[in-house]
Peer 1: 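For reference, the structure I am asking about is given below.
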Amino acid sequence: GEDVEQSLFLSVREGDSSVINCTYTDSSSTYLYWYKQEPGAGLQLLTYIFSNMDMKQDQRLTVLLNKKDKHLSLRIADTQTGDSAIYFCAEIITGYALNFGKGTSLLVTP
Amino acid sequence: NAGVTQTPKFQVLKTGQSMTLQCAQDMNHEYMSWYRQDPGMGLRLIHYSVGAGITDQGEVPNGYNVSRSTTEDFPLRLLSAAPSQTSVYFCASRGTAEFEQYFGPGTRLTVT
């Protein structure tokens, strides 16, 4: 399928905010997702946003959606070392399967 | 509920061997899918199913077969394993009225 684009790496200091960006492909996707994967582990659903929303806040996480530009972002406030992981954005495609980006590796340094 | 289960967790195959990766869910979900994850490539869709008896190809279907004889099970078959199929395989399911995809724990496959 077409590529969902994400930057590959992000490094932040503990306590700072992290912003991970994503450009998706299908303007008709009803839901857009952020998944977290720690080394050697499976996928953990972090948050999601419905396509008729512009913003969603969930504790330290804020998701912004710009449908015109097909741009999705995930902001993590007060980033902690435990947030170090790979973050994937994903869009729904045919058959309710997901089209994933290649993932952004977030490194949080003390 | 056990959720989505996958077996085996690890497998080593020789080139040319065949095997089946098992995936089962106990949530009565209509939609199931298989993905492979390779370093730096994210997860890519192999095959998916929208219900028992209905399957279709995803982005990278070559070398893999699937069937969906029951709602619960969605096995992935490697007909003749190749080193390029060394990967981590994830199965997922989703119900019609739900937003969340439920992922299994993955199968790590090495083909030598």
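Convention: sequence-line order gives letters A, B, ...; per-chain numbering from 1.
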Peer 1: For chain B, find its close neighbours in residues 54-68 of chain A: heavy-atom separation under 4.5 Å, sorted by number, or none.
Peer 2: none

Peer 1: Which region of A:Y96, side chain (C-beta onward) or backbone (N, CA, C, O), has a non-hydrogen atom less than 4.5 Å from a non-hydrogen atom of chain B, or is it both or neither?
Peer 2: both

Peer 1: Is A:L8 close to chain B through its backbone or its side chain, or both, or neither, when contacts mean heavy atoms under 4.5 Å?
Peer 2: neither

Peer 1: About how many Å separate CG of A:L98 and OH of B:Y35, when rounded to the nearest 0.5 Å?
Peer 2: 4.0 Å

Peer 1: Please classify the contact of B:Q37 with chain A as side chain, backbone, both or neither, using a heavy-atom distance under 4.5 Å.
Peer 2: side chain

Peer 1: Between atom CD of B:E100 and atom OH of A:Y48, what is the distance when rounded to the nearest 0.5 Å?
Peer 2: 9.0 Å

Peer 1: Distance from B:Q101 atom CD to A:L43 atom CG, nearest 0.5 Å?
Peer 2: 10.5 Å

Peer 1: Between CD of A:Q37 and CZ of B:F103, what distance do you get to the nearest 0.5 Å?
Peer 2: 10.0 Å

Peer 1: What about B:F90 and B:M27, same hydrophobic cluster or not, with Ile/Leu/Val/Met/Phe/Trp/Tyr joined at side-chain heavy-atom distances under 4.5 Å?
Peer 2: no

Peer 1: For residues B:M32 and B:L21: do they belong to one hydrophobic cluster (side chain heavy atoms under 4.5 Å, members Ile, Leu, Val, Met, Phe, Trp, Tyr)?
Peer 2: yes

Peer 1: Give a yes or no on whether B:V60 and B:V88 share a hydrophobic cluster (residues Ile, Leu, Val, Met, Phe, Trp, Tyr; joining criterion: side-chain heavy atoms under 4.5 Å apart).
Peer 2: no

Peer 1: Following the transitive rule for hydrophobic clusters with a side-chain heavy-atom cut-off under 4.5 Å over Ile, Leu, Val, Met, Phe, Trp and Tyr, establish whether B:L76 and B:V111 coincide in one cluster.
Peer 2: yes

Peer 1: What are the residues of residues 15-23 of chain A, in order of number, with any heavy atom under 4.5 angstrom from a heavy atom of chain B?
Peer 2: none

Peer 1: Which of these, A:T30, A:I49, A:L45, sits in a side chain to side chain contact (heavy atoms under 4.5 Å, CB included) with B:F99?
Peer 2: A:L45

Peer 1: Tell me if the CZ atom of B:R44 is crowded by more than 12 foreign heavy atoms within 6.0 Å.
Peer 2: yes

Peer 1: Where do B:Y48 and A:A97 come nearest, in terms of heavy atoms and distance?
Peer 2: CB-CB, 4.4 Å

Peer 1: For A:I93 and B:E59: C-alpha separation, side-chain torsions, deciding distance, then whether side-chain contact (heavy atoms from CB on, under 4.5 Å) applies.
Peer 2: CA-CA 11 Å; A:I93 55 175; B:E59 181 186 356; over 6 Å; no

Peer 1: Where does B:L45 contact chain A at under 4.5 Å (heavy atoms): side chain, backbone, both or neither?
Peer 2: side chain

Peer 1: A:Y33 versus chain B, heavy atoms under 4.5 Å apart: side chain, backbone, both or neither?
Peer 2: side chain

Peer 1: Shared ILVMFWY cluster between A:V4 and A:F100, side chains joined below 4.5 angstrom?
Peer 2: no

